[in-house]
2 protein chains.
Amino acid sequence: MHHSEDISSLALNRLSTYLRCLRLLQESNVKRISSQELARRFHLSAAQIRKDLAYFGEFGIRGVGYDVASLCRRLEALLGLEREHPVVVVGAGNIGRALARFPGFNSGSFRIHGIVDNDPQKVGQRINDLEVRPSSELPQLVQQSQAEIGILAVPAEAAPENYRCLVAAGIRSILNFAPVPLDPIPDIRVKTVDLLIFLEELAYFLR
Amino acid sequence: MHHSEDISSLALNRLSTYLRCLRLLQESNVKRISSQELARRFHLSAAQIRKDLAYFGEFGIRGVGYDVASLCRRLEALLGLEREHPVVVVGAGNIGRALARFPGFNSGSFRIHGIVDNDPQKVGQRINDLEVRPSSELPQLVQQSQAEIGILAVPAEAAPENYRCLVAAGIRSILNFAPVPLDPIPDIRVKTVDLLIFLEELAYFLR
DNA sequence: GATTGTGAATAGATTCACAGCT
DNA sequence: AGCTGTGAATCTATTCACAATC
């Protein structure tokens, strides 16, 4: 099998997409599918599906296709989705609260174990079964929950500081929704998602 | 100048990033900057900055660098951010409500003019200065607001139908937060943002 | 002297096309 | 007969390196 680090973010995201598609097929009781049929149904590329999968091993049966259930399981294993990953959220504004309540972030492989905010007005607010805690309690929260992933959902100007706090608290994987490029830190993986950029991408084609 | 269509999404998103960085510089009263310095400060690539910009024209002064204010204006023009783009949101769940309140989507070049939901329980709720309207009113809303962009923030199973409604209402650019690949429709631009994929990308490196 | 703009070189990602299995 | 897995070919993106310019 291959090394962990040498796969592109593009290919990795496609594996997630394949998993989504396969789960949809499973719900419709499809047991087996060929790369061609998978591509046709979900507007993907058959050659790319095969190449992406083959990169991690031989998952299919020549002449037949892929077994939907077993491919699902193997993709989950590949993506590290077999166990639950505890998550903490920093920032209880619009985005932070929405993500804390978002079912996708609270089922399957992820569970939000806590949410903190600097603003005393926000501390104590309830979000589903969580209570917003002060940012000063982040280190304990991370330790108690064994959180592996931090979601940074604070305004741009507060992002660098809260980023450092997350790292100091022991978080090594961060999903950043603040529209600022954070300074890289060795061994810390940051994925920045700037929602405005998506709108701007659409705006470009409206001129 | 160049054609509209032949730029990659990657390059386009970088232009948005450059604009963010330049606005930060403007706030710190930096008047001029070289590609090298811009790259150094924000962890970008100097050669790539020059190539991206040069693709659209000659924006810099050799031996000197780029004028921050004028480059900002030119990037805004390039990206179609000079005028306000009316936006409608379909789905008043966690994500829809958060985006409707999100300052980034309600300032500068974008303004959310309305939000609709199928659920009678949600209709009538107030979100900032908007009231959630029933989905049946989407066509009027789009017409009245002259909305150009639709944000699809409904559960996966409801996405295909609401996608068709947006298109039928006259929307041609759609930002889709539902984790399903939508069928392509000619002349309709869809950008799907699957938030869970970002978490899964981080999870991959946690095994 | 410094920095842009750009062709050439390199690296990376996708598609093709077919040998190898079932 | 049909489909996977894969090397080769193509396409796309990034980086290099330097001539052109201020």
Side-chain angles (χ1 to χ4, degrees), chain A residues 1-3 5-18 21-22 25 30-72 74-75 78 181 197 201, chain B residues 1-3 5-18 21-22 25 30-72 74-75 78 181 184 197 201 204:
Chain A
M1 201 71 71
H2 289 79
H3 221 78
E5 308 300 321
D6 58 0
I7 188 182
S8 75
S9 166
L10 245 37
L12 204 45
N13 292 350
R14 283 196 303 268
L15 294 183
S16 286
T17 302
Y18 303 155
C21 297
L22 290 163
L25 290 172
V30 176
K31 300 294 181 207
R32 283 222 195 90
I33 193 151
S34 66
S35 58
Q36 205 179 122
E37 177 64 7
L38 189 60
R40 198 192 55 74
R41 291 211 200 189
F42 299 101
H43 316 289
L44 306 167
S45 144
Q48 190 154 64
I49 291 168
R50 293 201 300 278
K51 199 147 223 155
D52 285 340
L53 297 178
Y55 178 81
F56 287 98
E58 308 214 346
F59 292 5
I61 304 162
R62 292 175 193 222
V64 176
Y66 299 89
D67 180 83
V68 175
S70 95
L71 186 53
C72 269
R74 301 196 61 180
L75 283 175
L78 265 175
I197 282 187
E201 184 179 336
Chain B
M1 202 71 74
H2 289 79
H3 221 80
E5 307 300 320
D6 56 0
I7 188 182
S8 76
S9 168
L10 244 39
L12 204 45
N13 292 352
R14 284 196 301 269
L15 294 183
S16 287
T17 302
Y18 303 156
C21 298
L22 289 163
L25 290 173
V30 177
K31 301 294 181 205
R32 282 222 195 90
I33 194 151
S34 66
S35 57
Q36 206 179 122
E37 177 65 7
L38 189 60
R40 197 191 56 73
R41 291 211 199 189
F42 299 101
H43 316 289
L44 305 168
S45 143
Q48 190 156 61
I49 291 169
R50 293 202 300 279
K51 198 148 222 150
D52 285 339
L53 296 177
Y55 178 82
F56 288 99
E58 308 215 345
F59 292 6
I61 303 162
R62 290 172 194 223
V64 176
Y66 299 89
D67 180 83
V68 176
S70 96
L71 186 52
C72 269
R74 300 197 62 178
L75 283 176
L78 265 175
I197 283 187
E201 184 179 337
Y204 174 79

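Values in this document were obtained by computation on a predicted structure and should not be read as measured data. Here is how names work: the chains are called A, B, and so on, in the same order as the sequence lines, proteins then strands, and each is numbered from 1.
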- Task: Kindly indicate whether the side chain of V68(B), heavy atoms from C-beta on, has any atom under 4.5 Å from the side chain of R32(B).
- Result: no
- Item | Whole-Å gap separating P (dT3(C)) and CD1 (I49(B)) | 13 Å
- Task: Check the pair L22(B), V30(B) against side-chain contact (heavy atoms from CB on, under 4.5 Å), reporting the backbone distance first and the verdict last.
- Result: CA-CA 9 Å; L22(B) 289 163; V30(B) 177; over 6 Å; no
- Note on the structure: Between CD of E58(B) and P of dT21(D) the distance, given in whole Å, is 9 Å
- Message: Assess, by modelled atom type and distance only, whether the side chains of S16(B) and E201(A) contain a donor and an acceptor separated by less than 3.5 Å.
- Response: no
- Query: To the nearest Å, how far apart are D6(B) CG and dA13(D) C1'?
  - Reply: 14 Å
- Item | Exercise: do Y18(A) and N13(A) side chains pair donor with acceptor under 3.5 Å | no
- In whole Å, what is the span from the CG atom of D67(B) to the P atom of dT4(C)? 13 Å
- E37(B) atom CD is separated from dT4(C) atom P, nearest whole Å, by 11 Å
- Query: For L25(A) and Y66(A), what are the C-alpha separation, side-chain angles and deciding distance, and is it a side-chain contact (heavy atoms from CB on, under 4.5 Å)?
  - Reply: CA-CA 12 Å; L25(A) 290 172; Y66(A) 299 89; over 6 Å; no
- Note on the structure: When rounded to whole Å, the CG to C1' distance for the pair L71(B) and dT3(C) reads 14 Å
- Write down the distance between CZ (R74(B)) and C1' (dT4(C)), rounded to a whole number of angstrom. 14 Å
- Query: Does Y66(B) place a side-chain N or O at less than 4.0 Å from the phosphate oxygens OP1/OP2 of dG5(C)?
  - Reply: yes
- Expected string for nucleotides 12-22 of chain C under the B/S/- scheme (protein heavy atoms, under 4.0 Å, primed atoms plus P, OP1, OP2 as sugar-phosphate) is -SSBBB--BBS
- L38(B) atom CG is separated from dT3(C) atom P, nearest whole Å, by 13 Å
- Query: Could you walk me through whether I61(A) and D67(A) pass the side-chain contact (heavy atoms from CB on, under 4.5 Å) check?
  - Reply: CA-CA 8 Å; I61(A) 304 162; D67(A) 180 83; 5.7 Å; no
